[in-house]
Amino acid sequence: MLPDSMSEVAAPLAALLLALTWAGLFRWRKRPATAGLGLALGALLGVTLLLGLVYPSPRQLAERLPLLALAGLLLALPLASGRRGGLLVGLGLLAAGFTGWWMAGAPLTEADLRRAAPAGLALLLLVPLVQLEAAPPWRGVLAAVALLAGLLASDIPGPWVMLAMTLLAAALGQQLAGGGLAGDAARLPFAMLLAALLAGPLLARGAPADWAAALAPLAPLLLGARLTARLKGWRARVLIYALAGVPVAVAWALARLG
């Protein structure tokens, strides 16, 4: 649903301004790795403003996002030094594993683990995929735009649309400050949150329109590099936009005609 109060409008606006300010300041100070934390900070502020405090035991699926955003920030902190190699791989695996486990319901018993395994494994694969493919200029922002459009088209109830708008605002602020999602400190929390917002409506409702909407951000991420390698200039961009728009149109049709 779209914002219906000033408090809801404040969440994406705060995410945008904090990400833009932080990333811009540290890029001006010639510390691009530290600048990458702007997205995680902006997303955490916006999600917390939207949903309230960080819930260690959330009652609803969407309430898992504040703690996930906090985890993304904490995992991004070691990457703000610019170190890569084994640290990046280890943190990436930890981020993927935590996202899958947390969004699947934080199972602890063997029976719960078996029940949550499909969703958890899907997220375990999705997080590194987003992390790898969101680096080129504007591709991560385009994926966030496609996710927001898909959720709007699917008419999903609850705060999912505003959460997607908040993530988009944080990613846009990071991008406008320069450097975008090329930095690991920005891309790791972005991958965690995008994957969670893609999977959340599927776990919460799982209607056909939700499945169609989930495909929208995958089109620019999965096909972007392949299309830009074969096509040049505006033709590649137009085709990527069109491929992202097809699932959105399908989600809209399923939500209203199904």
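Sequence positions, counted from 1, serve as the residue numbers for this chain.
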Begin from the C-alpha positions of L163 and L51 and carry the test side chain to side chain contact (heavy atoms under 4.5 Å, CB included) through to its verdict.
-> CA-CA 9 Å; L163 288 167; L51 296 179; 3.9 Å; yes

Quick check: does any side chain N or O of [X] sit under 3.5 Å from a backbone N or O of [Y], one acting as donor and the other as acceptor?
| X | Y | result |
| --- | --- | --- |
| T34 | A80 | yes |
| R256 | A153 | yes |
| W101 | P107 | yes |
| R139 | A134 | no |
| R64 | W102 | yes |
| R187 | A182 | yes |

Cluster overlap [X] with [Y], hydrophobic side-chain contacts below 4.5 Å:
| X | Y | result |
| --- | --- | --- |
| L61 | I156 | yes |
| V47 | L45 | yes |
| L203 | L198 | yes |
| W28 | L41 | yes |
| L77 | L44 | yes |

Locate the shortest heavy-atom distance separating [X] from [Y]; write the atom from each residue and the value.
| X | Y | answer |
| --- | --- | --- |
| R27 | G178 | CD-O, 2.7 Å |
| P217 | A143 | CB-O, 3.3 Å |
| V248 | A216 | CG2-CB, 3.8 Å |
| A43 | A170 | N-CB, 3.7 Å |
| Q174 | A35 | NE2-O, 3.1 Å |
| P12 | A169 | O-CB, 3.1 Å |

[atom1]/[X] to [atom2]/[Y] distance, rounded to the nearest 0.5 angstrom?
| X | Y | atom1 | atom2 | answer |
| --- | --- | --- | --- | --- |
| L13 | L18 | CG | CG | 11.0 Å |
| D155 | D210 | CG | CG | 10.0 Å |
| F98 | L91 | CZ | CG | 13.5 Å |
| L132 | L221 | CG | CG | 10.5 Å |
| L147 | L142 | CG | CG | 11.5 Å |
| L74 | L188 | CG | CG | 11.0 Å |

Measure the shortest side-chain to side-chain distance between [X] and [Y] over non-hydrogen atoms and say whether it is less than 4.5 angstrom.
| X | Y | result |
| --- | --- | --- |
| L93 | L124 | no |
| P159 | E63 | no |
| P189 | L75 | no |
| L39 | Q175 | no |
| V130 | L126 | yes |
| L215 | V246 | no |

Evaluate the side chain to side chain contact (heavy atoms under 4.5 Å, CB included) criterion for residues L88 and Q131: first the C-alpha distance (whole Å), next the side-chain angles of each, then the deciding distance (0.1 Å), finally the verdict.
-> CA-CA 11 Å; L88 177 60; Q131 191 178 354; 3.7 Å; yes

What residues, two or more places apart in sequence or in another chain, satisfy ring pair (Phe, Tyr, Trp, His ring centres under 6.0 Å) together with W22?
->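 Checked W22 against ring pair (Phe, Tyr, Trp, His ring centres under 6.0 Å); matches are F26.
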
What do you reckon, is CH2 of W138 surrounded by more than 12 foreign heavy atoms closer than 6.0 Å?
-> yes

Run the numbers on L148 and W160 for side chain to side chain contact (heavy atoms under 4.5 Å, CB included), then give the verdict.
-> CA-CA 9 Å; L148 175 60; W160 297 106; over 6 Å; no

Scan L151, L50, L167 and name whichever one has a side-chain contact (heavy atoms from CB on, under 4.5 Å) with M162.
->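 Testing each of L151, L50, L167 against M162, the sole residue satisfying side-chain contact (heavy atoms from CB on, under 4.5 Å) is L50.
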
Check the pair L197, L65 against side chain to side chain contact (heavy atoms under 4.5 Å, CB included), reporting the backbone distance first and the verdict last.
-> CA-CA 8 Å; L197 289 173; L65 267 294; 4.3 Å; yes

